[in-house]
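Below, chain A is the first sequence line, B the second, and so on; all start at residue 1.
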There are 2 protein chains.
Amino acid sequence: MQQRSIASAAISVIHGAGLEGTRLRDVARAAHVTTGAVTHYFDGKEAVLEAALEEVVRRTLQRLGRGRHKPPKDVETFVAQACAHLPVDEASQMEWRVWLAFWGKAIADDRLRAIHRRYYEAFVEHVAHVLRALKPNTSSREALLTADAVIATLDGVGVRAILEPEHWPSKRQRQTATALLVPLLREFEGAKKV
Amino acid sequence: MQQRSIASAAISVIHGAGLEGTRLRDVARAAHVTTGAVTHYFDGKEAVLEAALEEVVRRTLQRLGRGRHKPPKDVETFVAQACAHLPVDEASQMEWRVWLAFWGKAIADDRLRAIHRRYYEAFVEHVAHVLRALKPNTSSREALLTADAVIATLDGVGVRAILEPEHWPSKRQRQTATALLVPLLREFEGAKKV
DNA sequence: TTTTTAAAATAATCACCGTTATGCCAAAAA
DNA sequence: TTTTTGGCATAACGGTGATTATTTTAAAAA
């Protein structure tokens, strides 16, 4: 159970110092242990970072799971739910920053790429599932394509919001995401009521 | 003029090894010089990396500049032009990978963040300009909002394509981007001709 | 041609940080 | 109580790579 708390500590260090600025000592200190404990539980720094990424994925997917019981019946609530995944508050901002920090590292690291792949797979599946609630008789292909589009929207807006937080308050994030998602989903629904 | 070639060398090293795996020696070797030359022209590693990022920005904006003379008159050609900015070929893939590699680092680095901000500023301005060609009487506000949405689309699809290149051939990239952009731009145009 | 200055190579240094080794302490087993 | 085991702290080690210093080479000026 210590592993979890060390991984969480790593997340907050990465959040504050970036991946490159993350030293094992600081992770240990943030977890209220010493480097001895860290190396006791992990095979090395890489393993610690990997665990941190996995922890972020876990949290995000868990949050998705909680939303599974209220499938949206109309476009507006769908968009509102989708926007909740943007970096609009402290907690999600932290996860976004860490998630984004690993993108660059994942480019040259098969192991991390695999984690990303798994995450997106689950995310796509979730969005496609929710889309089917919006339009019951949808081809799998159409649902998946639209899910990709929804996720691209969130990633695109999220990245921008993380890189320019002072210019991207939650309102602007929602506005931009809405501008993309509403027309997309109207098209998806088929019925365009002005 | 050596600075340029060292920066370019840095780009290709980052492309191959990722930011963390980039050693100054390798950059020097790729530029056919030694570390002595590198440190002669730059104040240190940070400066070299910063120059690499600037070089990527330069190339991208230059490419944008070339497209400035053929403003699209309809949605289809606009989308086609936009999709040309996705990582659909070797060259643009390299630039995307490097660009993306710096996102994580920029989180904790004001200097790099400033570069990103400048780039997006120019990019937004360009897209908004092109949008005005599509719909002459557009409010500045509407054009900027739509430009943000277009850029978010490209970033969102681009990220995915970089992280999962084997699953995101150019065709899928275009498909996803089109699914988002066409409805968005029809809405933007105002006139929806089915 | 000599002198001078700049460009870049080569070689040495130095700091940083991950890793490894050792030792201690507490809790469970004997 | 003694013994033992495992969880962790402390501290020393060592590699890696950036930085700095020195030297060589080449080009330009005198």
Notebook entry, point to check: Minimum heavy-atom separation for A:L184 to B:P183, with atom names?
Noted result: N-CB, 4.0 Å
Note to self: Using the side-chain heavy atoms of A:H40, tell me which of these nucleotides is nearest: D:dT19, D:dG7, C:dT19.
What the structure shows: D:dG7
Checklist line | Nearest-Å distance for atom pair NZ/P, residues A:K45 and C:dC17 | finding: 8 Å
Check: If every non-hydrogen atom of A:F188 is compared with every non-hydrogen atom of A:K135, which pair is closest and at what distance?
Finding: O-NZ, 3.0 Å
Next item on the list: Identify, with sequence neighbours excluded, every residue that meets ring pair (Phe, Tyr, Trp, His ring centres under 6.0 Å) alongside B:Y119.
Entry: B:W99, B:F123
Check: Taking atom types as modelled, is there a side-chain donor on B:S8 or B:R59 under 3.5 Å from an acceptor on the other?
Finding: yes
Margin query: Quick check on contacts: within residues 2-13 of chain A, what sits under 4.0 Å from DNA chain C by heavy-atom distance?
Written below: none
Next item on the list: Would you mind reading off the distance between A:F42 atom CZ and C:dT20 atom P, rounded to a whole angstrom?
Entry: 16 Å
Next item on the list: Provide, to the nearest angstrom, the distance between the CD atom belonging to B:E20 and the C1' atom belonging to D:dG17.
Entry: 14 Å
Check: Going by number, which of residues 23-36 of chain A have a non-hydrogen atom under 4.0 Å from DNA chain D?
Finding: A:V33, A:T34, A:T35, A:G36
Note to self: As a test of understanding, state which of B:W103, B:W96, B:Y120 forms a side chain to side chain donor-acceptor pair (under 3.5 Å) with B:D155.
What the structure shows: B:Y120
Next item on the list: Go through B:L19 and A:E20 one step at a time and tell me if the side-chain contact (heavy atoms from CB on, under 4.5 Å) criterion holds.
Entry: CA-CA 9 Å; B:L19 256 184; A:E20 325 214 352; 4.0 Å; yes
Next item on the list: Grab the two heavy atoms, one from B:P72 and one from B:L134, that are nearest each other, plus how far apart they are.
Entry: O-CD1, 3.8 Å
Note to self: On a heavy-atom basis, which atom in A:T178 and which in A:R174 lie closest, and how many Å separate them?
What the structure shows: OG1-O, 2.5 Å
Check: Rounded to the nearest Å, what distance is computed from the CG atom of residue B:D43 to the C1' atom of nucleotide D:dT20?
Finding: 13 Å
